[in-house]
Structures are given as structure tokens and as C-alpha cells.
Amino acid sequence: MPPGQQARAQGSQRARAQASAITPGGPGKPGEQPSAAEPAPADKVRALFGGHRLSPGQRRIAQYITDHLTEAAFLSITDLAERVGVSQPSVTRFASSVGFSGYPALREALQPIALSAVAAVPGAREEEDRRNELQAAVDAEIENLEGLRRAFTDTDRVLEVGRDLARSVPLTVLGLRISVSLAEYFAYAAKRIHPDVRLVSRGGSVAYDALLQAREAGGTWVLAFAMPRHSKEMLAAMRAARRAGLRIALITDAGLGPLAAEADVTLTAGTGSRLVFDSYAAPGILSAALLQAMADADPERTQLRLEKYEQAAEQHDFFLDD
């Protein structure tokens with residue numbers, strides 16, 4: 001077994017052993033709830049991190065651990081860095097910043113809190129055991145969608161961004177690497193309701209040329225998609241857009257970090273990280289909501305363009321008769 005795989009297997013075995021260990025204290029009753037005075041596990045984690053000056057990247061690590069406590073407390077430094085989309089040295093510096101000698105010491109402090117979070121919910125361990133990895137991935141995406149639903153309680157922000165994007169002619173849609181799929185979906189649909197949508201899916205000088213041309217043609221906004229892992233070329237493209245005089249609306253998984261710092265508006269949606277490759281249920285819904293806001297911003301133009309497209313589709317026989 002390769003050393004890295006062996007280390008991960010040993011870490012998983014330790015996690016299972018600790019999860020099944022008998023913890024000190026009285027026997028209690030099965031499923032007994034903690035006393036009202038006992039802080040919630042998430043509050044205990046926040047207390048560990050509170051009172052320390054953290055950089056935006058370190059706040060991302062703290063937020064991920066808080067949101068995914070029962071999983072994150074048993075991850076190796078490599079796995080945690082990959083989940084958050086940061087480097088391993090960044091995780092080490094984070095642990096030092098919150099007062100620990102290193103990541104192993106931080107993880108050792110987090111694990112009892114994580115185990116108490118599982119024990120606090122009657123039947124939670126049994127339910128966790130019954131779930132397979134695919135069901136766990138779906139559950140994580142449901143949590144992301146619930147978070148997005150709460151964010152949609154106030155629709156003003158999405159409507160405002162939709163109006164701005166609808167008025168930008170041309171409108172540039174930027175997505176690089178793994179984010180290309182979301183950018184392509186958005187650009188494909190936006191072309192049905194907007195007269196000039198330009199997709200930029202390559203970085204470097206190609207992106208710079210496209211952004212500069214869009215600005216010279218009268219464009220005012222770029223919609224950028226940035227899913228983890230966040231790339232340096234995306235940051236460079238966003239900075240090029242700003243230098244060209246374009247404003248940036250960013251759809252991403254985190255409201256903090258260097259990409260968000262370059263954006264005029266940041267809309268966040270969590271990504272699923274339980275499988276080998278991330279999944280994007282919540283960013284997809286957020287993209288569709290933003291398309292709806294664009295359509296609502298100019299209903300007459302939307303109706304006219306959709307009617308013309310349907311006429312073209314019928315004339316050229318685009319689709320099967322289902």
C-alpha cells in the first residue's frame with residue numbers, strides 16, 4: 001500500500017476507534033440529551049478560534065471546520081487542505097494562529113467535540129452507519145441547498161445583480177478550469193434572453209484580450225464563476241477585468257479570500273465535497289436564479305428573444321418530438 005494511502009487508512013481506523021470508545025463519565029441513559037448549560041459543539045469550536053486575528057484564508061479554514069465538524073476533525077492535513085482549497089502550510093499556520101503547536105494538536109482538540117456532536121443527537125451514529133457515501137454526498141448537497149434557501153429570504157441582492165448584468169451589453173461570462181461547466185451553462189441560457197453574451201473559458205492573454213474587447217464594445221459587467229480549487233489564473237483574469245474598467249459579479253463557494261476581494265458583488269453557494277470530485281447543486285440553482293433575475297429585468301426583451309428562438313428552433317427542427 002502506498003505511504004499516503006496507508007496513512008489515510010490508519011487515520012480512518014483511529015477515527016473509528018475513537019468514535020466507538022467509551023468516554024469517561026456516568027453511564028447516563030441511551031439517547032440522553034446534554035444539559036442546557038452544555039455549550040453546543042459548534043459554539044465550542046468557535047470558542048477555540050475566537051479571540052485570534054485570522055486572515056481571510058484562515059477564516060475559510062475555520063468556517064469549513066465549524067460547518068463540517070464531525071468529518072473535519074478526523075481529516076489528515078492533506079485532506080483538509082484539499083477540501084478547503086488551500087495549501088498544507090496554510091493549515092499549519094492556521095493551527096498556530098489559533099494557539100496550537102501544529103495541526104495534530106488542533107485535531108486532537110477537535111475530535112472530542114466532534115464525538116460529542118454525534119452523541120448529542122439520538123440515533124445519529126446509527127443513522128451515520130446506515131448511510132453510504134453516495135447518500136452522505138446527497139445529504140451534504142441538501143444542506144447546501146438549505147443554506148441557499150435561507151439566503152434567498154431576501155431576494156433584493158439577486159434581483160439587483162440580475163438588472164446590472166442585463167444592462168451590460170456585451171455581458172462577459174468568465175469561468176476557468178473546473179468552473180467552465182457552470183459558466184457554459186449560464187452563457188448558453190443567457191444568450192436566449194440577452195443580445196450579446198461572451199464566454200471566456202481560457203486564461204492568460206486570451207482572457208485579457210476578450211475582457212478588453214468587451215469593455216471597448218461597451219460592456220460594464222463580468223459574471224465570474226470560481227469553484228474550488230481556486231486558481232491563480234482566475235485571480236489574474238479578475239484583476240485584468242478591473243484594470244479594463246469592468247465591474248465583477250462573482251459566484252463562488254466562499255465569501256472571503258482574494259477572489260472575493262476583487263469582486264464588486266459576491267454571491268455564495270456551497271459545493272458538495274464528499275466525493276472525489278465536487279458537485280454543484282447549489283451553485284447551479286443560484287445561476288438559474290440569476291438568469292431569472294436577468295429575464296425579469298427586461299421582460300419585453302426577454303419575451304421577444306424567446307419567441308424568436310422558438311421560431312428558429314421550429315424552422316430548423318432543433319429538437320425531437322417527445
If you look only at distance, which donor and acceptor atoms sit under 3.5 Å apart when one is on a side chain in residues 283-290 and the other is two or more places apart or in another chain?
unit_1 : atom_1 : unit_2 : atom_2 : d
S287   : OG     : P283   : O      : 2.8

**Study point:** Joint hydrophobic cluster, F225 plus L145, side-chain heavy atoms closer than 4.5 Å
**Key:**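 Both belong to a single hydrophobic cluster.
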
task: Treat each ILVMFWY residue as a node, draw an edge where side-chain heavy atoms are under 4.5 Å apart, and state whether I61 and L110 are in one component.
output: yes

Note, [X] side chain near [Y] side chain (heavy atom, < 4.5 Å):
X: H230; Y: T252; answer: yes
X: Y64; Y: L80; answer: yes
X: L291; Y: Y185; answer: yes

Closest approach of [X] and [Y], non-hydrogen atoms and distance?
X: H194; Y: M294; value: CD2-CE, 4.0 Å
X: L250; Y: A263; value: CB-CB, 3.7 Å
X: K44; Y: S116; value: NZ-OG, 4.2 Å

Begin from the C-alpha positions of V197 and F186 and carry the test side-chain contact (heavy atoms from CB on, under 4.5 Å) through to its verdict.
-> CA-CA 10 Å; V197 177; F186 189 95; 5.9 Å; no

Separation of [Y] [atom2] from [X] [atom1] (nearest 0.5 Å):
X: E141; Y: E143; atom1: CD; atom2: CD; result: 10.0 Å
X: I113; Y: Q111; atom1: CD1; atom2: CD; result: 10.5 Å
X: D164; Y: L159; atom1: CG; atom2: CG; result: 11.0 Å
X: L259; Y: S231; atom1: CG; atom2: OG; result: 7.5 Å
X: R242; Y: L211; atom1: CZ; atom2: CG; result: 13.0 Å
X: T66; Y: D43; atom1: OG1; atom2: CG; result: 10.0 Å

**Message:** side-chain contact (heavy atoms from CB on, under 4.5 Å) for I77 and T92? Distances and angles first, verdict last.
**Reply:** CA-CA 8 Å; I77 188 171; T92 300; 3.3 Å; yes

*Mind checking whether F94 and F49 have parallel, tilted or perpendicular rings, split at 30° and 60°?*
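Geometry flag for F49 against F94: perpendicular rings.
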
Test item: [X] side-chain N/O and [Y] main-chain N/O as donor-acceptor pair under 3.5 Å:
X: R229; Y: E82; result: no
X: S179; Y: M227; result: yes
X: R301; Y: A166; result: yes
X: R239; Y: E262; result: no
X: R215; Y: R243; result: no
X: S168; Y: T220; result: yes
X: T302; Y: I193; result: no

(request) Could you tell me whether D298 and R167 make a salt bridge, using a distance below 4.0 angstrom between a side-chain N and a carboxylate O? (result)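 R167 and D298: not salt-bridged.
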
Report task. State whether a side-chain donor-acceptor pair under 3.5 Å links Q292 with D296. Result -> yes

| message | Testing the 3.5 Å rule here: is there a donor-acceptor pair between the side chains of E307 and Q311? | response | no

